[in-house]
Amino acid sequence: MKMNKTLLSAAVAVGLLSTSTVTQAAGFQLAEYSATGLGRAYAGEAAIADGADAQWRNPAMLTYLEGTQVSVGGIYVNPNIDIDGTSTSMMGKTTSSNSSDFAHSAVIPNFYVSHKYNEKFALGFAAGTNYGMETDLGKDFGGANHGNEASVTTMELNLNAAYQVLESVSIGGGIRYIMAEGSFGAVSTANSLVPMPQGTALKYMEGDDTAWGWQVGTAWQINENNRLGFTYKSEVDLTLEGHANGVAFDAVADALGTPVKSKYNGSMQLALPATAELASFHQLSDKVAVHVSVNWTNWSSFKELVADIPEFGPARTQDIKQEHWEDNYRFALGTTYQMTPKLALRSGIAYDTSAVSEEHRTATIPETDRTWLSIGAGYQWSEQLTLDAGFTYILAKDAKMVEDDASSAPFGGDFEGEVTGSIWLVGIQANYRF
């Protein structure tokens, strides 16, 4: 694979592509674009312009930034995810299937630049990620026949512009360039009825791709103390080109009379869903401001993972994993308290709804509802430099799941279990104004 997976490694919790567990945002989406917003649980982001990072959530906010500004920072993610369950073979044999603290810690970096060209027009550049995840449940996991590893790693570059069309209205837009790679794997377990060593690859697919997307936004300054913002990011369609291997693909090749290989060239379609945010900012007094956000993500576009193996001819499309995800919503409320002229304190609470119903939840996607509790602070070190820090604790709702795919059962059995966990996020950021 072309990209360096350590760049944004597991920037989350658990599972991906078919994964996504108790992560920072629904599905394999990443909300963590700045430490400044982290301190208020990313409430009101499409209507706030603290620094150059504001363009990531709403390019129209560039018109609110004076001069040239640079924001750089990172967020450390420490997930603590456990899964407990049982695997039952077709002969009725039941074995314990557990995995503790199996999500990886990671650092999610970001970089932003903005430039106010004149009183009405501004430009910006942004580098970060909206999607990413990595998990490895191990070959000893009892439900590994349904999936034991998955990953999605993306890096995104934006070029943005904004224009103040009226004294109270700004519009903005940008071009997004996304570099992505992904993989999914499943192996046989000790309960397999088919004679083969435990850990034998059943299905594995990996690939990478680049694609373009776009985003638009607008901001309405209702009056001096109240502002509304709206932003929309397009869906990005990826064709992850790479290779597939495993006994499931070997069986297809053998049945078709084509050579059995160690690897089969192929691709896998993956859609990074469209998103939208409606946000507001309200300055209640000289010291107190309140921010609100409602976010929507079109996760219903993520239905399945299918491998396309051209050399298989009429049987070239091979099912890897059924998903059946649903659109999800996020609700956030935050506050900013200007304690002193130099020190601002932030707090926030948010609720993320699950992108998958209990009927379709799986061990590799223990997706569930999440509650965010956040605090943060910003300190104006000098007239040009501001330092920000944020801290968040994410509590995930305990989630049950059942996997009983008939095609996987002979290689390990059905799996039933429950995932529990939480995530700690710590971020720092520097904002410099020239």
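Quick note: numbers below take in every heavy atom, side chains included, and nothing from hydrogens, waters or symmetry partners.
- Between Leu425 and Tyr76, the closest side-chain pair of non-hydrogen atoms is not below 4.5 Å.
- Side-chain contact check for Ser188 versus Asn145: every heavy-atom pair is 4.5 Å or farther apart.
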side-chain contact (heavy atoms from CB on, under 4.5 Å) evaluation trace for Asn110 with Tyr33: CA-CA 7 Å; Asn110 54 71; Tyr33 80 102; 5.9 Å; no
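- Asn158 and Trp56 are not linked by any side-chain donor-acceptor pair at a separation below 3.5 angstrom, with hydrogens and angles left out of the test.
- The residue from Ile349, Leu38, Leu395, Ile423 that alone fulfils the side chain to side chain contact (heavy atoms under 4.5 Å, CB included) condition with Trp372 is Leu38.
- Aromatic ring centres of Phe281 and His291 lie closer together than 6.0 Å.
- Listed by chain and residue number, nothing satisfies the side-chain hydrogen bond (donor to acceptor under 3.5 Å, both in side chains) test with Tyr232 (two or more places apart in sequence, or in another chain).
- The closest side-chain donor-acceptor pair between Asn431 and Gln429 falls under 3.5 angstrom.
- Under the rule for a salt bridge (charged side-chain N to carboxylate O under 4.0 Å, His left out), Glu241 has no partner lying at least two apart in sequence or in another chain.
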Derivation and outcome, side-chain contact (heavy atoms from CB on, under 4.5 Å), residues Val107 and Val77: CA-CA 6 Å; Val107 174; Val77 182; over 6 Å; no
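- For Glu235, there are no salt bridge (charged side-chain N to carboxylate O under 4.0 Å, His left out) partners at least two apart in sequence or on another chain.
- Annotation: salt bridge (charged side-chain N to carboxylate O under 4.0 Å, His left out) contacts of Lys261 (sequence neighbours excluded): Glu311.
- Residue pairs meeting the salt bridge (charged side-chain N to carboxylate O under 4.0 Å, His left out) criterion with at least one member in residues 37-61, sequence neighbours excluded, are Arg40-Glu45, Arg40-Asp50, Arg57-Glu277.
- By the ring-ring contact (aromatic ring centres under 6.0 Å, His included) test, Phe125 is found to be paired with no residue, residues two or more places apart in sequence or in another chain being considered.
- Rounding to the nearest 0.5 Å gives a distance of 11.5 Å between OG of Ser34 and CD1 of Ile108.
- Between the side chains of Asn298 and Ser300, a donor-acceptor pair is found at a separation under 3.5 Å.
- Between the side chains of Ser114 and Gln69, no donor N or O sits under 3.5 Å from an acceptor N or O.
- Arg176 pairs in a side chain to side chain contact (heavy atoms under 4.5 Å, CB included) with only one of the listed residues (Leu159, Asn160, Leu157, Val236), which is Val236.
- Annotation: the span from Lys233 atom NZ to Trp214 atom CH2 amounts to 11.0 Å, rounded to 0.5 Å.
- Partners of Phe249 under the ring-ring contact (aromatic ring centres under 6.0 Å, His included) rule, at least two apart in sequence or in another chain, do not exist in this structure.
- Asp388 and Tyr379 share no side-chain donor-acceptor pair at under 3.5 Å.
- How far OG1 of Thr154 is from CG of Asn130: 7.0 Å, rounded to the nearest 0.5 Å.
- Annotation: the span from Asp327 atom CG to Trp299 atom CH2 amounts to 10.5 Å, rounded to 0.5 Å.
- For the atom pair OG1 of Thr68 and NE2 of His115, the computed distance is 4.5 Å after rounding to the nearest 0.5 Å.
- A distance of 11.0 Å separates CD1 of Ile48 from CG of Asn58, quoted to the nearest 0.5 Å.
- For Leu256, the side-chain contact (heavy atoms from CB on, under 4.5 Å) partners at least two apart in sequence or on another chain are Val252, Thr258, Phe312, Ala315.
- The shortest side-chain heavy-atom distance between Val216 and Pro59 does not fall under the 4.5 Å cut-off.
- Leu202 has its side chain within reach of Met196: a pair of non-hydrogen atoms, C-beta onward, lies under 4.5 Å apart.
- The shortest distance between side-chain heavy atoms of Asn148 and Phe141 does not fall below 4.5 Å.
- Judged as a side-chain contact (heavy atoms from CB on, under 4.5 Å), and not counting sequence neighbours, the contacts of Ala201 are Asn245.
- Contact annotation: the side chain of Tyr42 never approaches that of Ser293 to less than 4.5 Å [non-hydrogen atoms, C-beta and beyond].
- For Thr210, the side-chain contact (heavy atoms from CB on, under 4.5 Å) partners at least two apart in sequence or on another chain are Tyr177, Met179.
- Around atom CH2 of Trp220, no more than 12 heavy atoms belonging to other residues, nucleotides or ligands sit under 6.0 Å away.
- Under the side-chain hydrogen bond (donor to acceptor under 3.5 Å, both in side chains) criterion, Thr275 pairs with no residue, sequence neighbours left out.
- Between Phe391 and Trp424, the gap from one ring centroid to the other is short of 6.0 Å.
- For Met339, the side-chain contact (heavy atoms from CB on, under 4.5 Å) partners two or more places apart in sequence, or in a different chain, are Tyr337, Leu343, Leu345.
- The aromatic rings of His243 and Tyr204 sit tilted relative to each other, their planes meeting at an angle between 30° and 60°.
- Using modelled atom types and a 3.5 Å distance limit, the side chains of Ser267 and Thr239 yield no donor-acceptor pair.
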Residues Thr36, Arg346; criterion side-chain contact (heavy atoms from CB on, under 4.5 Å); working and verdict: CA-CA 9 Å; Thr36 308; Arg346 306 181 181 99; 3.7 Å; yes
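- A side-chain donor from one of Tyr351 and Asp369 sits under 3.5 Å from a side-chain acceptor of the other.
- Within the 4.5 Å cutoff, no side-chain heavy atoms of Met155 are placed close to those of Thr129.
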